[in-house]
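Heads up: the structure comes next, in structure tokens.
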Amino acid sequence: MPSISPAILVTGGTGYIGSHACVELLAAGYAIHVLDNLCNSRRSVQGRIERIAGKAITLHEGDIRDRAFLKDLFAVRRFDAVVHFAGLKAVGESVEKPELYFDNNVRGSGMLLAAMQEAGVRRMVFSSSATVYGETNTPPFTEDAATGPVNPYGQNKLAVEQMLADHARRHEDWRVALLRYFNPVGAHESGLIGEDPNGIPNNLMPYVSLVAAGRLKELSVFGNDFETADGTGVRDYVHVADLAAGHVAALNALDRLPPVRIFNLGTGRGYSVLDVVKEFERASGRAVPYRIAPRRPGDVAVSYADAARAARELDWRAGRGLATMCRDAWRWQQWRAAQPAEL
Ligand code: NAD
Ligand code: UDP
């Protein structure tokens with residue numbers, strides 16, 4: 001490691017996945033500058049990242065769509081790379097407000113890209129999603145599977161992937177890693193950072209956590225008539241700390257990769273909704289009552305990654321299993337519940 005740590009700009013770094021990535025990047029010796037407008041995260045996350053890592057980070061509060069802010073930020077220091085998490089991610093909201101999602105996610109990423117180009121920063125790791133895969137693929141999904149997102153959020157992800165790929169291929173020395181996450185869950189093992197959704201969660205694991213905590217009455221299991229072993233939907237849940245480590249692996253590999261490279265980040269195995277319920281009950285020692293509800297529109301039966309490329313080219317594997325994911329989600333749930341709501 002050189003005497004001056006390379007500096008990474010982490011957009012969305014106080015958010016769920018970004019905060020865990022900051023911890024891993026700090027452990028790997030990088031200096032961290034976070035850019036976040038705090039629209040879906042809290043200022044206090046900075047202190048908790050620093051407490052876990054035992055190192056300081058710099059938080060720049062602002063928006064990726066603010067050209068003047070970006071210009072000033074890129075003048076602060078020469079960033080070695082940008083890890084780009086900032087974005088809106090609620091699928092349902094993206095259907096309600098497609099203009100907002102396009103503006104924030106696609107135009108925002110374009111503004112960031114332009115600022116990087118102007119400042120001479122040519123390395124980016126981007127948060128994409130397995131939601132870009134079309135519904136006609138047979139799992140496991142390889143990176144070459146057909147794309148075909150079915151909602152504005154997924155379309156935003158694919159649009160940004162394409163914009164970054166076109167840019168990197170046209171401009172010299174660019175390196176972009178497009179990371180397609182499967183289902184990130186869990187929390188840092190300290191229980192100090194985790195997913196903190198506003199209101200009632202849409203995703204399975206945060207919902208199950210609140211049911212186990214007695215704060216929601218029961219889980220609605222969306223369908224038990226899929227063609228799976230127990231009839232409920234199967235997904236590739238990946239521990240957020242493993243996912244965070246995948247960003248460090250991608251960053252470290254950028255220079256030996258082609259200008260644009262897509263990687264699935266998942267474990268390569270699927271668990272059903274009822275598997276998650278059972279494992280969460282074991283981890284928490286609490287009951288998770290549920291009832292069977294109709295299928296949720298747009299849900300596929302089975303989704304899991306072929307994660308071989310990341311293993312081969314990044315030497316990255318998601319080692320933590322479902323029990324650890326549930327244990328850490330529960331630790332976080334308990335820590336969060338003990339804090340004042342405004343924290
Ligand atoms: P998050 O909402 O917790 O974090 C996103 C962060 O970006 C938040 O802190 C928010 O305040 C910030 N942000 C949003 N718009 C911004 C803007 N215009 N300018 C500055 N900051 C802005 O979400 P997350 O779960 O940590 O997701 C991070 C990234 O990973 C997102 O791009 C998301 O789409 C992607 N992703 C998430 C999942 C998942 O299941 N969580 C799955 C696949 C991909
Ligand atoms: N799910 C469920 N009840 C919920 C939330 C989710 O049964 O309250 C199911 C959903 O149908 C899918 C799985 O849990 O089979 C994971 O859903 P999630 O929204 O967490 O992630 P997705 O794979 O849809 O992005």
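Counting convention: from 1, in listed order, for ligands and their atoms alike. This is a predicted model, so every value here is computed, not measured. We use all heavy atoms of the structure for the numbers below, so side chains are in, but hydrogens, waters and symmetry mates are not. FYI, the numbering just counts along the sequence from 1.
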**Fill in**
Joining Ile, Leu, Val, Met, Phe, Trp and Tyr whenever any side-chain heavy atoms lie under 4.5 Å apart, the cluster holding Y304 also takes in V234, V302
Interfacing atoms of ligand 2 (cut-off 4.0 Å, heavy-atom, [X]):
{"X": "N202", "result": "5 (C), 19 (O)"}
{"X": "V221", "result": "7 (O)"}
{"X": "V273", "result": "7 (O), 9 (C), 14 (O), 15 (O)"}
{"X": "S220", "result": "2 (C), 3 (N), 4 (C), 7 (O), 8 (O)"}
{"X": "L219", "result": "3 (N), 4 (C), 8 (O)"}
{"X": "G233", "result": "15 (O)"}
{"X": "N183", "result": "21 (O), 22 (P), 23 (O), 25 (O)"}

**Asked** Does Y207 reach ligand 2 with a nitrogen or oxygen that is under 3.5 Å from one of the ligand's nitrogen or oxygen atoms?
**Response** no
**Request:** May I ask you to decide if the ring planes of W335 and W332 are parallel, tilted or perpendicular, using 30° and 60° as cut-offs?
**Result:** parallel
What do we get for [X] next to ligand 2 when only non-hydrogen atoms under 4.0 Å count, side chain, backbone, both or neither?
{"X": "F182", "result": "neither"}
{"X": "A293", "result": "neither"}
{"X": "N203", "result": "both"}

**Message:** I'd like to check I200 versus Y207 (side-chain heavy atoms, cut-off strictly below 4.5 Å). Are they in contact?
**Reply:** yes
**Test: R282 and E279 ion pair at under 4.0 Å** = yes
**Request:** Using a strict cut-off of less than 4.0 Å between a Lys/Arg side-chain nitrogen and an Asp/Glu carboxylate oxygen, indicate whether E143 and R312 qualify as a salt bridge.
**Result:** no
**Request:** May I have the step-by-step check of ring pair (Phe, Tyr, Trp, His ring centres under 6.0 Å) for F74 and H33, ending in yes or no?
**Result:** CA-CA 11 Å; F74 278 93; H33 289 250; over 10 Å; no
**Asked** Which is closest to atom 6 (C) of ligand 2 in terms of heavy atoms, T232, L216, T131, L204?
**Response** L204
**Verdict with reasoning, D173 to R175, per salt bridge (Lys or Arg N to Asp or Glu O under 4.0 Å)** = CA-CA 7 Å; D173 296 335; R175 290 287 182 281; 5.9 Å; no
**Asked** Got the residues with a heavy atom under 4.0 Å of ligand 1, by chain and number?
**Response** G12, T14, G15, Y16, I17, L35, D36, N37, L38, C39, N40, S41, G62, D63, I64, R65, F85, A86, G87, K89, N104, S127, S128, S129, Y153, K157, Y181, P184
**Pairwise salt bridge (Lys or Arg N to Asp or Glu O under 4.0 Å) hits with a residue in residues 112-127, at least two apart** = K71-E118, D80-R123, R123-D255
**Asked** If you count the non-hydrogen atoms of other residues, nucleotides and ligands that lie under 6.0 Å from OH in Y290, is the total more than 12?
**Response** no
**Request:** Inspect the surroundings of CZ in R77 and state if more than 12 heavy atoms from other residues, nucleotides or ligands are less than 6.0 Å away.
**Result:** yes
**Request:** Using the test salt bridge (charged side-chain N to carboxylate O under 4.0 Å, His left out), find all partners of R269 that sit at least two apart in sequence or belong to another chain.
**Result:** none
**Complete:** Per ring pair (Phe, Tyr, Trp, His ring centres under 6.0 Å), Y181 is matched among H247, H239, H20 by H247
**Message:** I'd like to know whether ligand 2 has Y271 as a neighbour, heavy-atom separation below 4.0 Å.
**Reply:** no
